[in-house]
Undergrad: 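A single structure is presented below for examination.
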Amino acid sequence: MSETTDFPITFTDRFGKHYQLSAMDIFYVEADNIYSRIICQEQAIHIPYPLSLMEELLPDYFLRIHRSFLINRYFITAFYRRTVIMANGVRLPVPEKKYHWLKHCLEEPGSNASGNS
C-alpha cells in the first residue's frame with residue numbers, strides 16, 4: 001500500500017462485530033496465535049486474521065519489528081536498542097537482528113520517533 005493511503009478498513013472481530021478503522025487509528029497489531037489483536041487508543045479488537053495478512057492490508061508505515069508485532073511508526077514516542085515505546089505507553093521488544101533495520105526506517109523522513117540507541 002502507498003505511504004499516503006489512509007482509507008477506512010473494515011474488520012470483523014471473532015464474535016462477528018464489524019469495526020471500521022482508519023490505519024491511523026491503529027497503534028499496533030499483536031499476533032495471537034492464528035489471530036491478531038488490533039490496539040487502538042480506546043479499544044483492542046481481537047480479529048481472526050493472522051499478522052501476515054494484516055501486514056499486507058495496512059500501509060507501508062506499519063513496520064514488522066518482531067514476529068509478534070506490527071507497529072504504526074507514527075505512534076512511536078521513543079526507540080532504544082531493545083525496545084520501542086508507543087504513544088499509549090506500551091513498551092514493545094525489538095530483537096537485536098531488527099535493530100539496525102528499524103533504526104534505518106525511523107531515520108527516513110516522516111518518522112515521528114526519537115532514535116535513541
Side-chain angles (χ1 to χ4, degrees):
M1 284 183 123
S2 157
E3 183 82 19
T4 57
T5 303
D6 193 28
F7 53 88
I9 306 169
T10 301
F11 297 100
T12 303
D13 72 10
R14 291 181 26 205
F15 307 105
K17 183 174 179 184
H18 299 284
Y19 297 85
Q20 193 167 41
L21 300 172
S22 161
M24 283 304 295
D25 293 334
I26 302 171
F27 285 3
Y28 63 93
V29 183
E30 180 179 5
D32 183 14
N33 199 0
I34 61 170
Y35 300 109
S36 295
R37 189 174 297 114
I38 298 173
I39 307 299
C40 301
Q41 175 73 32
E42 297 183 18
Q43 62 185 340
I45 305 166
H46 207 197
I47 57 171
Y49 312 136
L51 195 60
S52 58
L53 177 60
M54 294 301 296
E55 192 171 9
E56 292 175 21
L57 291 174
L58 292 170
D60 294 342
Y61 53 85
F62 278 81
L63 305 172
R64 183 81 175 258
I65 63 159
H66 186 279
R67 68 181 183 152
S68 297
F69 296 103
L70 180 62
I71 64 171
N72 184 332
R73 71 184 296 158
Y74 297 112
F75 287 115
I76 298 172
T77 58
F79 170 51
Y80 302 98
R81 190 158 192 91
R82 296 285 192 141
T83 308
V84 293
I85 301 174
M86 303 302 292
N88 61 353
V90 172
R91 293 175 175 263
L92 299 175
V94 177
E96 187 66 31
K97 66 182 181 179
K98 290 275 192 171
Y99 170 75
H100 292 290
W101 168 83
L102 182 58
K103 183 176 180 183
H104 174 74
C105 289
L106 296 177
E107 288 172 346
E108 292 177 1
S111 175
N112 192 27
S114 59
N116 302 324
S117 44

Undergrad: Looking only at the aromatic ring of each residue, does the gap between the centers of Y61 and F75 stay below 6.0 angstrom?
TA: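 Aromatic pair excluded; centres sit 6.0 Å or further apart.
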Undergrad: Under 4.5 Å between side-chain heavy atoms, counting indirect links through other Ile/Leu/Val/Met/Phe/Trp/Tyr residues: same cluster for L106 and I71 or not?
TA: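 Yes; I71 is reachable from L106 via cluster members.
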Undergrad: Please find the pair of heavy atoms, one from S68 and one from L51, that lie closest to each other, and give the distance.
TA: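 Between these two residues, the closest heavy atoms are C-CD2, 3.6 Å.
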Undergrad: So which pairs with a foot in residues 43-53 pass side-chain hydrogen bond (donor to acceptor under 3.5 Å, both in side chains), sequence neighbours left out?
TA: R14-H46, D32-H46
Undergrad: Using the side-chain contact (heavy atoms from CB on, under 4.5 Å) rule, take F27 and V90 through it: C-alpha gap first, then chi angles, then the decisive distance, then the call.
TA: CA-CA 10 Å; F27 285 3; V90 172; over 6 Å; no
Undergrad: I'd like to know if L63 and Y74 are part of one continuous hydrophobic network [Ile/Leu/Val/Met/Phe/Trp/Tyr, side-chain heavy atoms within less than 4.5 Å].
TA: yes
Undergrad: Do I9 and I26 have side-chain heavy atoms sitting under 4.5 Å apart?
TA: no
Undergrad: Testing the basics here: between T12 and I47, what is the closest heavy-atom pair and its distance to 0.1 Å?
TA: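 Heavy atoms of T12 and I47 come nearest at O-CG2, 3.8 Å.
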Undergrad: Check for me, please, whether M54 and F7 land in the same ILVMFWY cluster - side-chain distances under 4.5 Å, paths through other members count.
TA: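 M54 and F7: one cluster.
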Undergrad: Is there a side-chain contact between K103 and F79 in this structure, where contact means two heavy atoms from C-beta onward sitting under 4.5 Å apart?
TA: yes
Undergrad: Hey, are the side chains of V94 and Y80 touching, using non-hydrogen atoms and a 4.5 Å cut-off?
TA: no
Undergrad: Check for a donor-acceptor pair, side chain of R64 on one end and backbone N or O of H66 on the other, with a separation under 3.5 Å.
TA: yes
Undergrad: Please determine whether side-chain contact (heavy atoms from CB on, under 4.5 Å) holds for the pair M86 and I76, giving the CA-CA distance in whole Å, both sets of side-chain angles, and the decisive distance to 0.1 Å.
TA: CA-CA 5 Å; M86 303 302 292; I76 298 172; 4.0 Å; yes
